[in-house]
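Each chain gets a letter, A, B and so on, in the order its sequence line appears, and its residues count up from 1. Note that the structure is predicted; figures quoted are calculated from it, not measured.
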Amino acid sequence: MNYWLIKSEPEDFSIEDLANAPNRTEHWDGVRNYQARNFMRDDMKIGDRVFFYHSNCKPPGIVGLCEVASAPYPDHTAFDANCKYFDPKSNPEEPRWVMVDMKFLRRLKRMIPLQEIKQHSDALDGFALIRRGNRLSIMPVSKEHWDFLLSLE
DNA sequence: GCCAACGTTGGC
DNA sequence: GCCAACGTTGGC
């Protein structure tokens, strides 16, 4: 099993939104970064565990757990000219972007703020979230880092 | 709102 | 293939 962290701006889509979605599951659309796409396309497996991270808010941090609930499939929002995720270079015959379904598991007992995560840079050495200039919206988490982060809960 | 740190685009 | 210009992310 692999472990991941996904970012979402809570004003756009929050952990509550995922918890309230039908079947507690929603497709993770709108990823328009090749590295993040490749993680979904090549490495994510059904059942992988995922930290849900709230970004661009006060305070940012890890707020919940979810799991990968589907294989990757084409992100249809890239085909819709009225959608903000529209990409004219993607089409149904040759989709450029993919997504997976994410299923809500639970909220953390408390939010783990980014500021606190940064204070454990020794235990979390190499964790992509706290690397300088990190902008990835989907990133892998090692088993060791996963367990450590959960121990902070 | 600022701005550093990216990633992407496109001319050459 | 280089790289300047531009757009975006996201913490602060």
Side-chain angles (χ1 to χ4, degrees), chain A residues 2-21 26-44 48-68 72-102 104-142 144-153:
Chain A
N2 290 321
Y3 300 87
W4 306 93
L5 180 145
I6 58 173
K7 295 179 185 174
S8 186
E9 302 191 14
E11 288 197 10
D12 190 31
F13 190 82
S14 71
I15 187 75
E16 281 75 26
D17 293 327
L18 185 61
N20 293 331
E26 190 59 87
H27 52 265
W28 204 251
D29 62 21
V31 172
R32 296 292 179 269
N33 170 282
Y34 289 105
Q35 202 175 349
R37 179 204 66 181
N38 293 349
F39 283 138
M40 286 197 292
R41 188 188 62 188
D42 304 332
D43 299 321
M44 274 191 179
D48 281 359
R49 294 301 159 109
V50 183
F51 282 132
F52 197 110
Y53 176 91
H54 279 174
S55 68
N56 214 359
C57 58
K58 295 176 184 176
I62 300 171
V63 293
L65 304 181
C66 51
E67 69 177 355
V68 177
Y73 58 100
D75 183 344
H76 57 76
T77 64
F79 311 145
D80 181 357
N82 295 318
C83 179
K84 67 172 178 174
Y85 297 126
F86 175 62
D87 181 356
K89 293 172 182 170
S90 188
N91 61 76
E93 289 71 38
E94 219 171 330
R96 173 172 298 207
W97 305 109
V98 302
M99 57 190 178
V100 299
D101 290 345
M102 289 290 177
F104 173 88
L105 290 178
R106 66 174 178 86
R107 294 172 187 77
L108 294 192
K109 295 169 200 149
R110 67 177 186 96
M111 172 194 236
I112 303 175
L114 176 63
Q115 185 191 21
E116 181 177 340
I117 293 170
K118 284 181 166 175
Q119 289 169 1
H120 297 283
S121 55
D122 287 342
L124 295 171
D125 185 43
F127 183 32
L129 185 69
I130 53 176
R131 277 209 290 263
R132 200 169 66 103
N134 157 64
R135 288 170 47 192
L136 265 183
S137 61
I138 296 176
M139 65 188 72
V141 182
S142 73
E144 291 70 27
H145 291 167
W146 177 274
D147 290 341
F148 179 81
L149 288 161
L150 268 187
S151 77
L152 298 176
E153 184 182 5

Between C:dG7 (P) and A:Lys84 (NZ): distance, integer Å:
18 Å
Counting only side-chain heavy atoms from C-beta out, which of C:dG10, B:dG7, B:dT9 sits nearest to A:Lys89?
B:dT9
N or O in side chain of A:Lys7 less than 4.0 angstrom from C:dG10 OP1/OP2:
yes
Measure the distance from CD on A:Glu9 to C1' on C:dT8 and round it to the nearest whole Å.
11 Å
When you measure from the side chain of A:Tyr34, which nucleotide among B:dG7, C:dG11, B:dT8 comes out closest?
B:dT8
What is the distance, to the nearest angstrom, from the CD atom on A:Gln35 to the C1' atom on B:dG7?
10 Å
Taking 4.0 Å as the cut-off, does a side-chain nitrogen or oxygen of A:Arg132 come that near to OP1 or OP2 on B:dA4?
no
For residues A:Met102 and A:Val50, determine if any side-chain heavy atom of one lies less than 4.5 Å from a side-chain heavy atom of the other.
yes
Between A:Phe127 and A:Leu5, is there a side-chain heavy-atom distance shorter than 4.5 Å?
yes
Heavy-atom contacts under 4.0 Å between residues 113-130 of chain A and DNA chain C, which residues?
A:Leu114, A:Lys118
Determine the sole option in A:Trp28, A:Phe39, A:Phe51 for which the ring pair (Phe, Tyr, Trp, His ring centres under 6.0 Å) test with A:Trp4 is passed.
A:Phe39
Rounded distance in Å - CD1 (A:Ile6) to P (C:dT9)
16 Å
First of A:Asn134 and A:Asn56 reached from the 5' end of DNA chain B, by closest nucleotide:
A:Asn56
Figure out the CG/C1' separation between A:Asp87 and B:dT8, and round it to whole Å.
12 Å
Could you pull out all residues at least two apart from A:Asp147 that satisfy salt bridge (Lys or Arg N to Asp or Glu O under 4.0 Å)?
A:Lys143
Answer yes or no: does a side-chain N or O of A:Tyr53 lie under 4.0 Å from OP1 or OP2 of C:dG11?
yes
Grab the CG-P distance between A:Leu136 and C:dG11 for me, whole Å please.
13 Å
Gap between atoms CZ and C1', on A:Arg32 and B:dT9 respectively (whole Å)
17 Å
Could you walk me through whether A:Arg41 and A:Asn38 pass side-chain hydrogen bond (donor to acceptor under 3.5 Å, both in side chains), step by step?
CA-CA 5 Å; A:Arg41 188 188 62 188; A:Asn38 293 349; 3.3 Å; yes
Could you state the CG-C1' distance from A:Asp12 to C:dT8, rounded to the nearest angstrom?
14 Å
Side-chain donor or acceptor of A:His76 paired with backbone N/O of A:Pro92 under 3.5 Å:
no
Going by distance alone, is a donor N or O of one side chain under 3.5 Å from an acceptor N or O of the other, for A:Asp80 and A:Tyr85?
no
